[in-house]
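What you see below is based on every heavy atom in this structure, not just the backbone, and it leaves out hydrogens, waters and symmetry mates. Just so you know, residue 1 is the first one in the sequence shown, and it goes up from there. Whatever order the structure lists ligands and atoms in, that order sets their numbers, starting from 1.
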Amino acid sequence: MRYVFAEAQLRHRPPTFLVRGQVKPCPEKPERAEALVGSLRQRGVTVEEPPSYGAGPRAAVHSADYLRFLETAYDRWSVLPDAAEVIIPNVHRNTDMAEYPTGIVGQAGWHMADTACPIGPGTWEAVCAGADTAAHAAMLVASGAERAAYALCRPPGHHASRDMAGGFCYINNAAVAAQATLPILAAQGRAPRVAVFDVDVHHGNGTQAIFYDRDDVLFVSIHGDPNNFYPWFAGYAHERGKGAGLGSNLNIPLPMGTDESTFLDAVDQALAQIAAFGPEVLVLSLGFDTFIGDPLAFFRVTTPGFARLGRKIAGAGLPTVLVQEGGYDCDALAANLASFLNGFAGETR
Ligand SMILES: [Zn+2]
């Protein structure tokens, strides 16, 4: 088991978060990563910086327009008269108007799904470091060097689609990891088949969208019912994939207040589907915002419950890339990660 974390991810510092029209401090803050790294250091494990993988891994899952926007947006925005210190669009693309503008304000609205993904001076560097973190963990596992690796990615990634940020996410780290395994598997003569299992409390709409028409990547997500929870417009049970990907997408929405045993039963159901798909590698989008004490609380998973989750994931018996997603109770993050890793190790040692 290896543990990967790029320090540059701390440079993304979104100041605020708009919730029900109110401006609040952003819960997706660098302290989240510091708490998770602290948890790893307390285990006595080595936390390694990933090497740079360049533009390739992120370009494999995101559009060129979107990546160019992310890279240049802050500089272009900051020369506008009377601009805020971070980019937050006041307009968003809609289905009736679909022309791509050249100006930065319009492009911000095009590429940012909501107001929860502000771009500041350190954002691009941080999210590229996140992609390197995910790509490195994926390389370690797909190459056979390690049975499992943990990518401490922050900000999270699973709401980012091919050309759109949203919900604290910019680069889809889990998609980067999944996509990065495929050529490595193929080069070894193994089937290029990977499953992404998303256990964050929110639906991984970005990951779903990226792989929706593909039959080489299975996407399975357990999450809060989007009728009453972010991301609202995706995550319903009838979304099963399209074209070649029909049947390679499984959503298990659960109601607000879902308790731990119901959540873990859904995990069993998801793992049965994953086993039936027969992937060579499992990528886990690991969110701790299912925690009972999370400020965005929707489910009621306890700290010991994450050890049970970890045991189940390890019990799948697959080479596994763990990719950090959400989890916003900073005081509990270290304990929840430790609990998960204890459970996970119990099956793999
Ligand atoms: Zn989440």
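At a cut-off of 2.8 Å, Asp200 coordinates the Zn ion (ligand 1) through an N, O or S atom. For a distance bound of 2.8 Å, the N, O or S atoms of His202 include one lying that close to the Zn ion (ligand 1).
Closest to the Zn ion (ligand 1) among the N, O or S atoms of Asp289 is OD2.
In this structure a side-chain-to-backbone donor-acceptor pair under 3.5 Å is missing from Asp215 to Gly245.
For Arg20 and Gln22, the side-chain atoms include no donor-acceptor pair closer than 3.5 Å.
Under the side-chain hydrogen bond (donor to acceptor under 3.5 Å, both in side chains) criterion, Asn94 pairs with no residue, sequence neighbours left out.
Under a cutoff of 6.0 Å and an axis angle of 45°, Arg2 and Tyr150 do not form a cation-pi pair.
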